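In what follows, a single structure is set out as structure tokens and then discussed.
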Amino acid sequence: MSEQIVDVAAGLILRRDGKLLLGQRPEGKPWAGWWELPGGKLEPGETVLQALARELDEELGIQVTAARRWVTYVHAYPHTTVRLAFCRVTAWQGDPRGLENQRLEWVDPAYAASVGELLPATLPPLRWLRLPDTYGISNIGSPAGLPGFLARLRHALDDGLRLVQLREPGWPDGPASASLHEALQQVLKLCRRSGARVLVNSAHPEPWWREADGVHLRATDAAAHAQRPLARDGYWVGVSVHDAQQMAQARRLDADFAVVGPVAETASHPGQAGLGWPAFMDINRDAGLPAYAIGGQGPDTLATAQEHGAHGIAAIRALFGA
């Protein structure tokens, strides 16, 4: 007989200063004294957002006015398995109060463990909160194009871009050439001045990944690494995904995020229809990790992407220009 999965809506309640609300489980409950995200079980007939609003009213005395679904994650505890629908809550009425005898604390997500022991299922979303909502992919093209790209990159960083991928498989001297390696050094220098992270596409040499802040695996390379797990050592791993099977593969690799698409037709592939938002949502439904939408995306589509469950958007031209 298969184990029953308990569906739970959990809220990441985020203040404008970036602080996150955690609650301590009261005496008499399992895992008493451990800290968790507020929320609770779905009742029959409830949607995730309906359950979240009810639970936060009952538990904290607040009325949610703005929330969206984010990542659905399955976690197996010793005696039960929960499917957590994590939602980001950005607006509410009232001041949170512990109506169930629970202590509450506003914490910096990067230092959440300072309050005490965190429930294991609370740890992944704290990691995912580090991800910015836009992901820029390079379009340098050649050594002659480097000065212009660096100028566009500088402008994008000034506008708040904090995650960049070096992806130049068509570099005229080859994707492992010395001239491209020099370009990477200049990209790293600019990004580190702004506190931005750089991932290197897996088309380029593996030693470069460790000079940067991580790797972005093409789908075919993710399949290869499924048999040879990556030594992480604190660097990030992104994975390109085009279907549900590849998303499952990204999850097995414990990737930090996936990039799913193309959602819409792109300038680089005119006439090729994208997946569309329904297919994007199907791939991302139980992904267990954040997903960026790619293909016809840009700052003007960010809100739409997030309404369809995306963490954010990934783009080339819309963030760096032609």
Side-chain angles (χ1 to χ4, degrees), residues 127-128 130-132 134-157 161-242 246 249-250 252-261 268 289-292 294 311-317 319-321:
R127 187 178 90 188
W128 301 330
R130 300 175 301 170
L131 294 168
T134 55
Y135 182 24
I137 301 170
S138 73
N139 62 339
I140 305 170
S142 69
L146 182 60
F149 175 77
L150 292 176
R152 297 194 300 275
L153 173 61
R154 189 177 294 107
H155 180 73
L157 293 169
L161 183 67
R162 291 297 177 265
L163 185 59
V164 174
Q165 179 189 155
L166 181 87
R167 179 185 175 276
E168 302 290 335
W171 195 260
D173 298 331
S177 69
S179 61
L180 182 55
H181 189 228
E182 172 58 28
L184 169 62
Q185 302 310 309
Q186 295 194 51
V187 168
L188 284 170
K189 184 177 180 180
L190 267 184
C191 287
R192 284 174 174 160
R193 282 181 192 160
S194 299
R197 287 180 175 251
V198 178
L199 304 188
V200 174
N201 189 274
S202 57
H204 307 300
E206 189 165 342
W208 296 11
W209 312 352
R210 299 182 184 280
E211 292 178 33
D213 302 297
V215 60
H216 186 100
L217 295 171
R218 298 174 296 184
T220 52
D221 294 329
H225 279 284
Q227 307 304 320
R228 182 172 63 89
L230 291 160
R232 298 293 286 274
D233 299 327
Y235 71 81
W236 288 5
V237 175
V239 178
S240 290
V241 163
H242 310 292
Q246 291 176 358
Q249 183 171 267
R252 287 193 296 271
L253 282 170
D254 192 29
D256 291 281
F257 63 89
V259 173
V260 181
S268 57
L289 69 164
Y292 290 90
I294 194 169
H311 174 80
I313 59 96
I316 302 173
R317 289 167 179 81
L319 296 175
F320 294 128

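Just so it is clear, the model here is predicted, and its values are computed rather than measured.
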Note to self: Counting neighbours of NE2 on His181 that are heavy atoms of other residues, nucleotides or ligands and sit closer than 6.0 Å, is the number greater than 12?
What the structure shows: yes

Note to self: Is the shortest side-chain heavy-atom distance between Leu161 and Phe320 below 4.5 Å?
What the structure shows: yes

Next item on the list: Would you mind listing every side-chain hydrogen bond (donor to acceptor under 3.5 Å, both in side chains) that reaches into residues 168-179, with sequence neighbours excluded?
Entry: Ser138-Glu168, Trp171-Ser177, Trp171-Ser179, Asp173-Ser179, Ser177-Ser179

Notebook entry, point to check: Side chains of Ile137 and Ile294: closer than 4.5 Å at any heavy-atom pair?
Noted result: yes

Notebook entry, point to check: What is the minimum heavy-atom distance between Val164 and Cys191, and which atoms define it?
Noted result: CG2-SG, 4.0 Å

Notebook entry, point to check: Which pair of non-hydrogen atoms, one from Pro205 and one from Pro175, has the smallest distance, and what is that distance?
Noted result: CD-O, 3.7 Å

Item checked: Test side-chain contact (heavy atoms from CB on, under 4.5 Å) applied to Leu157 and Arg162, step by step -> CA-CA 7 Å; Leu157 293 169; Arg162 291 297 177 265; 4.3 Å; yes

Note to self: Could you measure the distance from the OG1 atom of Thr220 to the CD atom of Gln246? Nearest 0.5 Å is fine.
What the structure shows: 9.0 Å

Check: Atom NE2 of His311 and atom CG of Leu131: how far apart are they, to the nearest 0.5 Å?
Finding: 4.5 Å

Note to self: Which residues pass the salt bridge (charged side-chain N to carboxylate O under 4.0 Å, His left out) test with Arg154, not counting sequence neighbours?
What the structure shows: none

Checklist line | Results of side-chain hydrogen bond (donor to acceptor under 3.5 Å, both in side chains) for Asp213 - residues two or more places apart only | finding: none

Margin query: Can you tell me how far apart CH2 (Trp236) and CG (Leu163) are? Round to the nearest 0.5 Å.
Written below: 6.0 Å

Item checked: Distance, nearest 0.5 Å, that separates CZ of Phe257 from CZ of Arg130 -> 11.0 Å

Check: What pairs with Asp221 under salt bridge (charged side-chain N to carboxylate O under 4.0 Å, His left out), at least two apart in sequence or on another chain?
Finding: Arg218

Next item on the list: Report yes if some heavy atom in the side chain of Val198 is under 4.5 Å from a heavy atom in the side chain of Val187; otherwise report no.
Entry: yes

Margin query: Keeping His216 on the side-chain end and Gln165 on the backbone end, is there a donor-acceptor pair under 3.5 Å?
Written below: no

Margin query: Minimum heavy-atom separation for Ala222 and Val239, please, with both atom names.
Written below: CB-CG1, 3.7 Å

Item checked: Considering all heavy atoms, the nearest Pro169-Ala203 contact -> CB-CB, 4.4 Å

Check: Going by heavy atoms in the side chains, are Tyr292 and Pro132 under 4.5 Å from each other?
Finding: yes

Check: If you take all heavy atoms of Pro143 and Pro172, which pair is closest and at what distance?
Finding: CD-CG, 4.0 Å

Note to self: When you compare the side chain of Leu166 with that of Ile140, does any pair of heavy atoms fall below 4.5 Å?
What the structure shows: yes

Notebook entry, point to check: Is there any side-chain hydrogen bond (donor to acceptor under 3.5 Å, both in side chains) pair reaching into residues 186-197, and which pairs are they, with sequence neighbours excluded?
Noted result: Glu182-Gln186

Note to self: The criterion is side-chain hydrogen bond (donor to acceptor under 3.5 Å, both in side chains); which residues satisfy it with His204, sequence neighbours excluded?
What the structure shows: none

